[in-house]
Number of protein chains: 2
Amino acid sequence: MIIKVKLVNALNEAYDALNDLLVKLFNNILTYEEKALITDEFKDISLNDMHVIEVIGLSQKKNMSSIAKSLEVTVGTLTIAINNLVKKGYVKRMRSAKDRRVVLVSLTEKGTDAYKHHEVFHDEMIKAIMKRLEGEQLDVLVKALNSVQDFFKTKNQD
Amino acid sequence: MIIKVKLVNALNEAYDALNDLLVKLFNNILTYEEKALITDEFKDISLNDMHVIEVIGLSQKKNMSSIAKSLEVTVGTLTIAINNLVKKGYVKRMRSAKDRRVVLVSLTEKGTDAYKHHEVFHDEMIKAIMKRLEGEQLDVLVKALNSVQDFFKTKNQD
DNA sequence: TCGATATACTTTGATTATCAAAGTAAAGTT
DNA sequence: AACTTTACTTTGATAATCAAAGTATATCGA
């Protein structure tokens, strides 16, 4: 009887801890990330801009539609974001020669620097998390995060 | 030698998985939550509105400053949010009798319903996560999420 | 090959969230 | 009573967002 009560208490504690952590993380993660990411060197861009830069990436040129799809925004919204990034010198626009309707977007040198800055930030974060977990604990975390994602996916089955 | 390589590979896999999951979750969690939360019944409020409702809470009346502080926005921003919620019937405004500068805010019946709806959503989410984890796996998740939070806190030591 | 349709993107008009700074009213201080 | 502080609202500006209208180019069907 006592054992059962203890178990239930432990579960309740975990429940409360999880609830608390998830609420705080969800509500503040973007603000936190923005503050941590947008430093002196890249203070003229927003976290949003950084996500656009992240999706454009280092490899090949990307067209507007595919970037908008990755970011889950309309192409109109993206046009405005790209206008800003071009004005600030992070991004280049080019018309495709093959199909002149298509706009090809790529990072300038400055944009590439910003991309790498972001990458380092992610790397630090993941290493900070991994440092405290060992062996199968990592797998547990991955599994748990997948659960979070699955939960939202099944909730949003459009 | 081979063992070492295998270990390193496993770590790299965990690294990539974590990176992927965290990036997706961070970038989309608010959109996901909004879609999952703002249903037919409460379709005239945003996720932002819901967070205001969450902070106001069920217990006692709260003044503007304390709500703004919890939400980490300026009081001016909150004024606008509260204007909207009052207009839509989720929130009541009252002047404090003791100190007539102070505005006391509380939930209407409709606001209370919305609060409970949000609570159920969180409950479902946490139960969905907990269902798949057993025993100490829960502790691992809590620990890992704390690491994430600590990482941001130390990064943002303003 | 021409006209209709589709595609890729930009522009426009509207809404929401946000801040800093100025404004208003009440309370506290000297 | 005059000055300062506090609690909030208002104002003006900016950013992100969407839907819908507009523009230019490509494709398809007759």
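Letters go in sequence order (proteins before strands), and every chain restarts at 1.
- Not one side-chain nitrogen or oxygen of A/S65 sits closer than 4.0 Å to the OP1 or OP2 atom of C/dT7.
- The nucleotide whose nearest atom lies closest to any side-chain atom of B/S46 is, among D/dT9, C/dA17, C/dT7, C/dA17.
- Put simply, A/T74 has no side-chain N or O that comes within less than 4.0 Å of OP1 or OP2 on D/dA19.
- OP1 or OP2 of D/dT17 sits under 4.0 Å from a side-chain N or O of A/N48.
- A sub-4.0 Å separation between OP1 or OP2 of D/dT9 and a side-chain N or O of B/R93 is present.
- In the set D/dA26, C/dT18, D/dT17, D/dT17 carries the atom at the smallest distance from any side-chain atom of A/I80.
- For the residue pair A/N63/A/S66, the side-chain donor-acceptor check at 3.5 Å is satisfied.
- Note on A/V75: a base of the nucleic acid sits closer than 4.0 angstrom, heavy atoms only.
- Here the nucleotide nearest the side chain of A/T77, chosen from C/dA8, D/dT5, D/dT17, is D/dT17.
- Considering only the side chain of B/V73, C/dC19 comes nearest among C/dC19, D/dT17, D/dT9.
- A donor-acceptor contact under 3.5 Å is not formed by the side chain of A/R100 with the base of D/dT25.
- Atom P of nucleotide C/dA17 and atom CG of A/L47 are separated by 18 Å, given to the nearest angstrom.
- Of the candidate nucleotides C/dT11, C/dA26, D/dT9, C/dA26 has the atom lying nearest to any side-chain atom of B/D99.
- For B/K88, the NZ atom is densely surrounded, since the number of other residues' heavy atoms within 6.0 Å is greater than 12.
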